[in-house]
Amino acid sequence: MDLLERMGIIIKEATPERVVATMPVEGNTQPFGLLHGGASCVLAETLGSVGASLHGQSIGRPKAVGIDISATHHRAVTEGTVTGVATPLHLGGTVASYEIVISDEEGNRVCTARLTCLIRK
């Protein structure tokens, strides 16, 4: 079982310009019952890495590895499903950066993350 399966992440849409996935809150909480910040980072890095890999494929450099991630957690979530949407900030020949916005079922922003990936052959 890989990490996406363990976290319940389901990719709904994937292009270099937009990657969308969902993740359940249940099973991804910290001891106080809130969505774990690390779980949000896993979702964010997954989305940004998928987008960077797809971009890399289009330029003959199909491997993308995360080299920097930052996340701001805006509000707590205790139940339901969150949705992450990654959009590119920069798509270069060796580096791709994405902004990832994670929202709850009501559309409230839960987390904003930024991921930079190195694109390799």
Side-chain angles (χ1 to χ4, degrees):
M1 176 181 290
D2 68 8
L3 186 57
L4 273 70
E5 290 176 290
R6 288 177 198 205
M7 306 284 295
I9 295 172
I10 299 171
I11 297 176
K12 304 285 190 174
E13 177 184 336
T15 68
E17 292 77 28
R18 181 178 160 90
V19 184
V20 179
T22 59
M23 181 179 71
V25 173
E26 184 177 346
N28 294 314
T29 57
Q30 42 91 306
F32 299 115
L34 308 174
L35 177 64
H36 196 292
S40 293
C41 287
V42 168
L43 178 59
E45 185 153 354
T46 298
L47 295 176
S49 294
V50 166
S53 293
L54 292 171
H55 166 66
Q57 288 175 12
S58 73
I59 61 169
R61 298 175 70 92
K63 295 181 182 176
V65 293
I67 57 172
D68 182 63
I69 188 167
S70 64
T72 301
H73 307 287
H74 305 290
R75 67 174 40 229
V77 181
T78 58
E79 62 185 10
T81 301
V82 293
T83 301
V85 178
T87 53
L89 298 170
H90 172 76
L91 296 176
T94 56
V95 171
S97 295
Y98 281 81
E99 177 183 62
I100 303 95
V101 175
I102 300 172
S103 303
D104 64 16
E105 291 177 339
E106 287 77 42
N108 299 308
R109 188 177 292 222
V110 172
C111 175
T112 304
R114 193 196 68 178
L115 176 72
T116 301
C117 290
L118 180 63
I119 302 171
R120 308 194 55 165
K121 288 187 178 182

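What you see below is based on every heavy atom in this structure, not just the backbone, and it leaves out hydrogens, waters and symmetry mates.
With a 4.5 Å cut-off on side-chain heavy atoms, V42 and L3 count as touching. Contact of the T72 side chain with the C111 side chain is not registered, since no non-hydrogen atoms from C-beta on lie closer than 4.5 Å. Using a 4.5 Å cut-off on side-chain heavy atoms (C-beta onward), I119 and K63 make no contact. Annotation: side chain of L35 is not in contact with side chain of T78 (no heavy-atom distance under 4.5 Å). Inter-residue side-chain proximity for V50 and V19 is flagged as met; some heavy-atom pair is nearer than 4.5 Å. Residues H74 and R109 meet the side-chain proximity criterion, which asks for heavy atoms closer than 4.5 Å. At least one side-chain heavy atom of M23 sits less than 4.5 Å from a side-chain heavy atom of N28. Residues L47 and V85 form no side-chain contact, since every pair of their non-hydrogen atoms from C-beta on lies 4.5 Å or further apart.
The backbone N or O of P31 sits nowhere less than 3.5 Å from a side-chain atom of H36 that would complete a donor-acceptor pair. R61 places a side-chain N or O within donor-acceptor distance of the main-chain N or O of G93, the cut-off being under 3.5 Å. Side-chain N or O atoms of Y98 include none that pairs as donor or acceptor with a backbone N or O of T116 at under 3.5 Å. Checked by atom type and distance alone, the side chain of Q30 pairs as donor or acceptor with a backbone atom of F32 at under 3.5 Å.
Under a cut-off of 6.0 angstrom, the local environment of CD in E79 is sparse, with at most 12 non-hydrogen atoms contributed by other residues, nucleotides or ligands. For CD of E105, the number of neighbouring non-hydrogen atoms (other residues, nucleotides, ligands) closer than 6.0 Å is greater than 12.
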Next item on the list: Quick one: do T83 and T22 satisfy side-chain hydrogen bond (donor to acceptor under 3.5 Å, both in side chains)? Show the steps, please.
Entry: CA-CA 4 Å; T83 301; T22 59; 5.9 Å; no

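Across every non-hydrogen atom of I102 and S40, the tightest pair is CD1-O, 3.4 Å.
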